[in-house]
Amino acid sequence: MAQSTYEKELQTEKIRKRLNADQIKLWLPPYTTTDKKQDQGNIPEDLCKRYSSDLNIPGAITREILEHLRQHALQKLVEREQFQKTGKAVLKIKASGLRDDKEKISFSETIEIILTKTGHDLRQIIAEKLRLPAQRLKIICRGHVINLTTSLQDQNVKHGSQMMCLCLSVSEAEAAQKEEEVMQMMNTRQAAELLSRRVGKDDSEVDIQIADQSGRPLKLPAEEKKALTLAMTLHEKGRAAIKRKEITKALLLLLEADKEFRKCRANILSAVDNHAVLGLDIVWCYLCLQNVEELPDADQRLRSSEECFIRSYGANLERVAAVKGESGTQLALYMKLHLLQGIVAFHQHRIPEAHNHLMQAQEELKKLQIDENKLSQVMVMGFGEREGRLGLRATNGDVTKAIQHIIERRKEKEEIEKKVKEERRQKKIQRNLGKTASGERVNVSLYENLVHMGYSQGASAAALRQTNNDLNQALEVLQLHPELMNLPDPEKKSVRITDDMIAQVVAMGFDTVMASRALHLVRGDVQKALDELIQKGGIIPPSPDDSSDGSPEAGPSHRASEEEARAIRDLVSDLPQDEEDYLDLTLQEEAQYLEEYLAKVNSIVSADTS
């Protein structure tokens with residue numbers, strides 16, 4: 001029977017480890033006896049016999065592998081010497097994809113390049129070898145997308161680095177579509193940055209809740225929240241792409257998300273499990289792309305994810321069970337973690353470790369399997385498929401308990417949403433009320449008490465500002481100064497300035513931008529806007545709030561604002577509405593990979609024991 005590639009790799013790894021343990025250096029005498037470095041060397045017969053017997057590898061294959069390792073070591077020496085003399089580094093490039101509907105690209109070779117060259121130079125070399133337009137290629141090294149304008153050495157690319165090349169276009173017919181995907185990825189990042197800058201603004205149409213394991217929002221500094229919002233948004237877009245089987249696009253988005261997460265402080269990341277889940281998603285993309293060259297990166301990511309899960313949930317999910325009263329939903333993450341750990345260990349020839357991880361994943365998968373009849377029973381009661389699946393997993397398949405669990409989770413979410421909505425409402429009001437004489441914010445509860453007593457909003461706010469939030473003194477001020485009742489309402493109501501309003505003002509001979517500013521100044525009253533422009537000679541200076549209140553002006557700034565709004569709407573279009581979306585794994589593909597790799601591992605284990 002012909003020997004499989006993996007079996008040969010496994011035998012090579014066994015011999016390599018034995019050589020290291022015995023401290024045998026095949027590139028030195030007596031194993032290499034000449035300076036030509038092209039001879040067959042001098043592999044002693046007793047060494048071949050000993051390794052063949054100890055490692056249970058046929059003698060001829062043992063000698064062949066020893067000679068291969070010797071030649072490989074000599075080649076690395078030659079490349080190292082060349083790098084030291086010429087500065088040309090040898091990089092290992094692997095690319096995969098489809099060139100057209102019939103021909104498959106399978107590119108794996110070395111490239112020589114000076115590390116002071118840019119990512120653009122490297123991409124050009126690869127594009128020429130692949131005979132593909134450079135614009136369709138993305139290069140990844142150590143889990144980072146290579147920047148085109150920065151030198152390779154500044155991106156931590158070293159002599160001997162392994163590079164993964166993603167072919168974004170698989171045929172001439174699909175080229176335009178793939179290039180559009182790249183542009184969409186860039187627009188997504190820009191829109192995510194816009195969204196992150198709007199975090200914390202009370203009039204924002206959208207917001208991403210950053211919550212702890214119980215689903216309660218975390219109180220974070222504004223800058224930390226912005227950074228996490230950008231990272232989490234890119235992550236969710238990547239996950240949406242995975243669901244659509246757009247794995248190449250997904251990986252690029254996920255790596256961008258990873259870059260943003262790493263800008264956050266470690267103690268902030270430890271409070272949420274998002275970065276750990278991101279690690280699983282990135283390794284899943286590696287697996288789907290059949291890219292084993294990124295395994296060192298995958299191994300490290302999985303270790304980090306495991307540490308985070310244990311810290312957040314407990315080694316046996318005891319912490320999440322204490323917080324939520326169940327742990328079935330988080331078990332899906334552990335199952336995926338152990339599956340990926342097993343696959344990575346298999347490709348790194350750590351067979352016993354791979355077997356243990358895969359067996360653990362198999363046991364977890366059994367616990368997570370959902371009876372379709374029970375799921376139908378839950379859905380008949382008016383609940384969604386996701387709610388039903390998560391509810392049944394949380395209650396070990398008990399339909400009655402699952403329904404009760406879903407109802408309780410809905411109540412918890414409603415309470416949290418109600419609290420968050422109220423906090424945002426009060427924050428928005430407080431921003432408009434101003435500060436007291438001592439510099440504190442006006443107390444919203446006291447303000448609303450005064451309003452409910454019948455005092456005007458303007459008077460209530462002014463009285464509290466004067467008395468430093470002292471309710472009794474504020475009442476005295478209001479009784480002694482009835483003129484305060486004529487003060488304007490401090491709560492600004494948003495007014496949409498329409499193109500028709502602007503056109504009416506412009507028709508009277510005023511500039512478009514000035515018309516827009518005047519309308520914003522008078523809350524959309526066209527006549528007052530005209531009066532204001534006449535009084536000020538047609539010149540209205542920009543308001544300090546123009547850049548922060550989200551109000552679009554006419555002309556280029558108006559169009560830019562509309563483009564931002566469209567970008568954000570597109571950004572959030574496929575973001576999950578449920579914070580537990582990342583736990584809702586159908587596990588169908590995971591089950592297929594588990595079956596495949598368990599069969600491979602069991603075959604090797606059986607061969608070793610026979």
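Starting from 1, each residue takes its place in the sequence as its number. Just so it is clear, the structure is predicted and the values come from calculations on it, not from any experiment.
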Assess the residue pair Thr498 and Ile502 against the criterion (side-chain contact (heavy atoms from CB on, under 4.5 Å)); give the C-alpha distance rounded to whole Å, side-chain angles, the decisive distance to 0.1 Å, and a yes or no.
CA-CA 7 Å; Thr498 65; Ile502 296 173; over 6 Å; no

Stepwise side chain to side chain donor-acceptor pair (under 3.5 Å) check, Asn469 with Tyr447:
CA-CA 9 Å; Asn469 286 324; Tyr447 162 76; over 6 Å; no

Report the C-alpha separation of Thr149 and Asn147 in whole Å, then their side-chain angles, then the decisive distance to 0.1 Å, and conclude whether the side chain to side chain donor-acceptor pair (under 3.5 Å) test is met.
CA-CA 6 Å; Thr149 60; Asn147 185 290; 2.7 Å; yes

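- Checking side-chain atoms of Arg123 against main-chain N and O of Ala134 turns up a donor-acceptor pair under 3.5 Å.
- Side chain of Glu260 to backbone of Leu228: no donor-acceptor contact under 3.5 angstrom is found.
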With side-chain contact (heavy atoms from CB on, under 4.5 Å) as the test, would you mind laying out the steps for Leu122 and Leu152 before giving the verdict?
CA-CA 9 Å; Leu122 175 61; Leu152 297 175; 4.1 Å; yes

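- A salt bridge does not link Lys418 to Glu412: none of the charged nitrogens lies less than 4.0 Å from a carboxylate oxygen.
- Using a distance-only test at 3.5 Å, with no hydrogens or angles considered, a donor-acceptor pair links the side chain of Ser305 to the main chain of Ala276.
- Here the side chain of Glu532 pairs no donor or acceptor atom with the backbone of Val522 at under 3.5 angstrom.
- Under the 4.5 Å side-chain criterion, counting only non-hydrogen atoms from C-beta, Lys138 is in contact with Leu252.
- The residues Glu422 and Lys419 are annotated as not salt-bridged, no charged nitrogen and carboxylate oxygen being separated by less than 4.0 angstrom.
- Counting heavy atoms from C-beta on, the side chains of Leu390 and Ile406 never come closer than 4.5 Å.
- At least one side-chain heavy atom of Lys158 sits less than 4.5 Å from a side-chain heavy atom of Arg142.
- Under the ring-ring contact (aromatic ring centres under 6.0 Å, His included) criterion, the residue pairs touching residues 233-264 are Phe261-His275, with sequence neighbours excluded.
- For the pair Val513 and Arg517, the minimum side-chain heavy-atom distance is below 4.5 Å.
- Checked by atom type, the side-chain pair Gln504/Asp500 shows a donor-acceptor distance below 3.5 Å.
- Thr436 has its side chain within reach of Val442: a pair of non-hydrogen atoms, C-beta onward, lies under 4.5 Å apart.
- The existence of a salt bridge linking Glu256 and Lys259 is confirmed by a sub-4.0 Å separation between a basic side-chain nitrogen and an acidic carboxylate oxygen.
- Using modelled atom types and a 3.5 Å distance limit, the side chains of Glu476 and Asn472 yield no donor-acceptor pair.
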Please determine whether side chain to side chain donor-acceptor pair (under 3.5 Å) holds for the pair Thr467 and Asp470, giving the CA-CA distance in whole Å, both sets of side-chain angles, and the decisive distance to 0.1 Å.
CA-CA 5 Å; Thr467 61; Asp470 188 305; 5.8 Å; no

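- For the pair Glu387 and Arg409, the salt-bridge criterion is not met [side-chain N within less than 4.0 Å of a carboxylate O].
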